[in-house]
Trainee: 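First the structure, then my questions, so here it is.
Along the sequence shown, the residues carry numbers beginning at 1. The shown structure was predicted, so the numbers you read here are calculated from the model rather than taken from an experiment.
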Amino acid sequence: MIKNTLLPAAEFCQRRSDFIQQMPVNSIAIISAGKEVTRSNDTEYPFCQSKNFYFLTGFNEPDAILALVKNANGQAQSILFSREKDALQEIWHGRRVGQIAAVTDYQVDLCFSLLEVDEQLLPLIEGKDAVLICQQGEPAFEQQVMSWLADIRKAVRTGAKVPKSLLDCSDIIHEMRLHKSSAELNIMRQVNVISGAAHQRAMQKTIAGKFEYQIEAELLHEFARNGARHPAYSSIVAGGDNANILHYTDNDEALNDGDLLLIDAGGELAGYAADITRTFPVNGKFSHEQAIIYQLVLDSQNLAIAAIKPEQTFAELNRIVCNFLTQGLYDLGILKGDLEVLLAQRACKKYFIHGLGHWLGLDVHDVGDYHANAQREQCRPFAANMVMTIEPGIYIPLNDKSVDEKWRGIGVRIEDNVAVTETGYENLTVNAPKTIVEIEQLMANTK
Ligand SMILES: [Mn+2]
């Protein structure tokens with residue numbers, strides 16, 4: 001359990017009060033922490049807190065429950081339920097915050113042991129008009145809440161009043177998470193710098209003959225030694241044709257002289273993710289064809305980033321990138337046919353097979369509505385303090401017989417993390433080398 005020192009308790013307090021403002025009067029929100037997940041037998045995966053719960057508490061222990069109460073008169077209360085102090089458990093498994101420190105350090109109004117949850121929570125639920133929970137992805141906790149409601153229902157003949165509605169409050173929290181505070185932006189800047197340094201280190205340590213997982217080890221080393229102990233997601237370290245497998249995480253093959261290496265990796269700091277992709281030559285020097293495809297992807301990315309500002313949309317950025325990549329692939333003879341038709345069909349999607357970007361924050365694919373329309377275009381107007389990735393790519397698999405052999409096996413993705421500002425954008429990804437010159441120079445200087 002690492003106490004979060006990067007975000008002050010006051011920020012979490014403010015979030016709870018902003019959330020409570022949006023609750024109906026005479027309701028209770030019940031938000032559950034994450035559970036430990038068994039890896040094998042009696043060992044667990046590293047614990048990852050439920051991000052909605054973390055967003056509202058900063059509290060990093062499993063099994064806890066947050067109850068936010070808004071009474072009929074508008075009065076509010078934050079109540080945490082957490083594991084009780086237990087000398088023996090703590091000797092075996094680690095320290096616990098306990099109920100006293102939870103109140104002082106996390107600034108909730110009250111904290112009870114989980115052993116008291118039925119006794120304390122049922123009277124708070126009883127008599128409310130609505131119960132709010134995060135339904136998305138938490139069916140087991142929803143069952144728990146249903147069973148509490150059933151317990152109250154058993155007492156209706158003695159006057160118990162059962163809440164009439166069970167509401168999903170995921171959207172309220174997700175909207176709050178989409179708009180970053182200045183403290184959150186600061187952490188996201190920091191984790192981007194840490195992750196950029198990891199990409200630099202990966203470039204410096206790459207030589208033909210090493211295995212992909214050895215480069216992964218360099219990334220993890222650089223994350224952890226700078227305070228981002230865990231990666232935000234499983235690192236993709238994909239040499240040669242492996243780059244054409246979008247979510248390749250086997251990372252177990254040898255790197256070959258003459259191939260590109262695609263790395264999609266970011267650290268997690270105070271719960272916040274970086275999500276950076278770089279593609280560079282294993283031997284430190286782009287081949288002619290690799291350089292052409294790389295520059296095309298890079299130019300398209302720069303075009304998209306330069307167009308970011310309030311009111312801009314992913315749909316429009318997609319249009320800009322698709323037009324540019326389609327034209328470029330046509331000029332290279334990789335796309336053949338009538339240019340107008342190819343542009344209208346967005347023919348580049350044959351080789352640019354994923355979306356242009358996504359929201360970024362506590363989750364790497366962060367929450368927040370995209371306002372997708374019937375054509376699946378993401379039309380949500382950007383606003384200041386939203387953070388997103390911009391990650392165009394071109395993937396030409398080795399077995400694609402429709403293109404000249406010289407292009408086959410090239411897979412390039414370039415991904416930066418960008419915050420919307422009042423007047424434009426701020427690229428948070430400031431130290432991961434990106435131009436061909438920068439990459440070749442860095443790699444030449446370390447050989
Ligand atoms: Mn991404």
Side-chain angles (χ1 to χ4, degrees), residues 188 191-192 195-196 198-199 202-203 219 231-238 242-249 260-268 272-280 293-308 312-326 328-329 346 348-361 363-368 370 372 376-378 380 382 386-396 410-420 425-436 439:
M188 295 189 76
V191 72
N192 243 274
S195 305
H199 279 267
M203 290 175 190
L219 296 163
Y233 54 97
S234 298
S235 306
I236 296 171
V237 182
N242 293 338
N244 295 314
I245 302 166
L246 290 184
H247 291 159
Y248 176 81
T249 51
L260 291 174
L261 175 57
L262 182 153
I263 294 180
D264 184 341
E268 185 180 274
Y272 291 83
D275 181 9
I276 301 175
T277 306
R278 289 294 182 262
T279 309
F280 57 92
I293 299 296
Y294 186 88
Q295 194 63 47
L296 182 65
V297 175
L298 180 57
D299 290 344
S300 78
Q301 195 215 26
N302 285 331
L303 268 181
I305 292 173
I308 293 174
Q312 183 57 278
T313 64
F314 266 124
E316 177 58 21
L317 296 184
N318 244 310
R319 203 164 292 128
I320 292 169
V321 167
C322 282
N323 282 341
F324 186 82
L325 290 178
T326 301
L329 292 170
R346 300 196 171 186
C348 70
K349 292 310 281 182
K350 179 177 176 191
Y351 298 106
F352 169 32
I353 49 186
H354 52 72
L356 179 60
H358 51 81
W359 308 134
L360 181 70
D363 277 301
V364 60
H365 294 158
D366 208 24
V367 295
Y370 288 90
R376 301 181 67 190
E377 291 181 313
Q378 298 167 334
R380 177 167 202 152
F382 298 164
M386 292 180 179
V387 180
M388 69 194 70
T389 68
I390 297 292
E391 48 179 313
I394 293 286
Y395 310 91
I396 309 174
I410 295 179
V412 173
R413 176 164 69 256
I414 309 170
E415 175 177 32
D416 285 358
N417 304 160
V418 185
V420 184
Y425 69 91
E426 175 189 348
N427 193 336
L428 307 180
T429 309
V430 290
N431 63 338
K434 190 160 73 160
T435 67
I436 290 176
I439 290 171

Trainee: Which residues pass the side chain to side chain contact (heavy atoms under 4.5 Å, CB included) test with Ala265, sequence neighbours left out?
Mentor: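 If we apply the side chain to side chain contact (heavy atoms under 4.5 Å, CB included) test to Ala265, skipping adjacent residues, the hits are His199, Leu219, Phe223, Ser235, Ile263.
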Trainee: Rounded at 0.5 Å granularity, tell me how far CG in Asn417 sits from CD1 in Ile390.
Mentor: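 If we round to the nearest 0.5 Å, Asn417:CG and Ile390:CD1 are 10.0 Å apart.
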Trainee: Not counting sequence neighbours, which residues clear side chain to side chain donor-acceptor pair (under 3.5 Å) with Gln378? List them please.
Mentor: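 Once residues adjacent in sequence are excluded, Gln378 has no partner under the side chain to side chain donor-acceptor pair (under 3.5 Å) criterion.
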Trainee: Go through the side-chain N and O atoms of His365 and Tyr233 and say whether any donor and acceptor fall under 3.5 Å apart.
Mentor: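 The answer is no; no qualifying pair exists.
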Trainee: Is there side-chain contact between Leu261 and Met203, with heavy atoms separated by less than 4.5 Å?
Mentor: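 No, too far: nothing below the 4.5 Å cut-off.
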Trainee: Is the backbone N or O of Asn323 less than 3.5 Å from a side-chain atom of Thr326, with the two atoms forming a donor-acceptor pair by type?
Mentor: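 No, the answer is negative, given that no donor and acceptor are paired below the 3.5 Å cut-off.
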Trainee: Closest approach of Leu298 and Thr435, non-hydrogen atoms and distance?
Mentor: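 Heavy atoms only, the tightest pair is CD2-CA, 4.0 Å.
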Trainee: Return the CG to CG distance between Asn192 and Asn427, rounded to the nearest 0.5 Å.
Mentor: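 Here the interatomic distance stands at 7.5 Å.
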Trainee: Measuring from atom CG of Asp366 to atom CG of Leu360, what distance do you get when rounded to the nearest 0.5 angstrom?
Mentor: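 Reported to 0.5 Å precision, the distance equals 6.5 Å.
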Trainee: With sequence neighbours left out, write down each residue that passes salt bridge (charged side-chain N to carboxylate O under 4.0 Å, His left out) with Asp363, or none if nothing qualifies.
Mentor: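 Salt bridge (charged side-chain N to carboxylate O under 4.0 Å, His left out) check on Asp363 returns Arg177.
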Trainee: Is there side-chain contact between His354 and Tyr395, with at least one heavy-atom pair below 4.5 Å?
Mentor: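 A side-chain contact under 4.5 Å exists here.
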Trainee: Mind checking salt bridge (charged side-chain N to carboxylate O under 4.0 Å, His left out) for Arg413 and listing every partner two or more places apart, or none if nothing turns up?
Mentor: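 For Arg413, the residues satisfying salt bridge (charged side-chain N to carboxylate O under 4.0 Å, His left out) (neighbours in sequence not counted) are Asp264, Glu391.
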Trainee: Tell me, please, which residues at least two apart from Lys434 pass salt bridge (charged side-chain N to carboxylate O under 4.0 Å, His left out).
Mentor: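 Salt bridge (charged side-chain N to carboxylate O under 4.0 Å, His left out) list for Lys434, sorted by chain: Asp416.
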Trainee: Does the plane of the ring in Phe314 sit parallel, tilted or perpendicular to the ring in Tyr370? Use 30° and 60° as the thresholds.
Mentor: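 Tilted, since the angle between the ring planes falls between 30° and 60°.
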Trainee: Take Leu296 and Leu329 through the side chain to side chain contact (heavy atoms under 4.5 Å, CB included) test and state the conclusion after the steps.
Mentor: CA-CA 9 Å; Leu296 182 65; Leu329 292 170; 4.0 Å; yes
Trainee: What closest approach, in Å, do Ile394 and Val297 show between heavy atoms, and which atom pair accounts for it?
Mentor: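 Looking at all heavy atoms of both residues, the closest pair is CG1-CG2, 3.5 Å.
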Trainee: How long is the straight-line distance from SG of Cys348 back to CD1 of Ile353, given to the nearest 0.5 Å?
Mentor: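 Taking CD1 in Ile353 and SG in Cys348, the distance rounds to 11.5 Å.
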Trainee: Contact between Tyr294 and Leu260 at the side-chain level, heavy atoms closer than 4.5 Å - yes or no?
Mentor: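 They are not in side-chain contact.
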Trainee: Suppose we screen for side chain to side chain contact (heavy atoms under 4.5 Å, CB included). Which residues come up paired with Glu316, at least two apart in sequence or across chains?
Mentor: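 With sequence neighbours excluded, Glu316 shows a side chain to side chain contact (heavy atoms under 4.5 Å, CB included) to Gln312, Thr313, Arg319, Ile320, given in chain and number order.
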Trainee: Any chance you could lay out the side chain to side chain contact (heavy atoms under 4.5 Å, CB included) test for Val364 and Glu268, step after step, and finish with the verdict?
Mentor: CA-CA 9 Å; Val364 60; Glu268 185 180 274; over 6 Å; no
Trainee: Can you find a pair of side-chain heavy atoms, one from Glu377 and one from Asn318, that are under 4.5 Å apart?
Mentor: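 Contact flag for Glu377/Asn318 side chains = no.
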Trainee: If you round to the nearest 0.5 Å, how far is CG of Leu262 from CD1 of Ile414?
Mentor: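 The distance works out to 9.5 Å.
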Trainee: Closest heavy-atom contact between Val387 and Ala419?
Mentor: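 Residues Val387 and Ala419, closest heavy atoms: CG2-CB, 4.0 Å.
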Trainee: Between Val191 and Gly267, which heavy-atom pair has the shortest distance, and what is it?
Mentor: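 Scanning both residues completely, I find the closest heavy atoms to be CG2-O, 3.3 Å.
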Trainee: Specify the closest pair of heavy atoms between Leu317 and Ala304, including all atoms of both residues, with the distance to one decimal.
Mentor: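 So the two residues come closest at CD2-O, 3.5 Å.
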Trainee: When you look at Met388 and Leu356, which way does the side chain to side chain contact (heavy atoms under 4.5 Å, CB included) test go after all the steps?
Mentor: CA-CA 10 Å; Met388 69 194 70; Leu356 179 60; over 6 Å; no
Trainee: Testing the basics here: between Pro392 and Val321, what is the closest heavy-atom pair and its distance to 0.1 Å?
Mentor: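 Where Pro392 meets Val321 most closely, the heavy atoms are CB-CG1, 4.2 Å.
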Trainee: Enter the distance from Leu325:CG to Ile293:CD1 here, rounded to the nearest 0.5 Å.
Mentor: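 Rounded to the nearest 0.5 Å, the CG-CD1 separation comes out at 9.5 Å.
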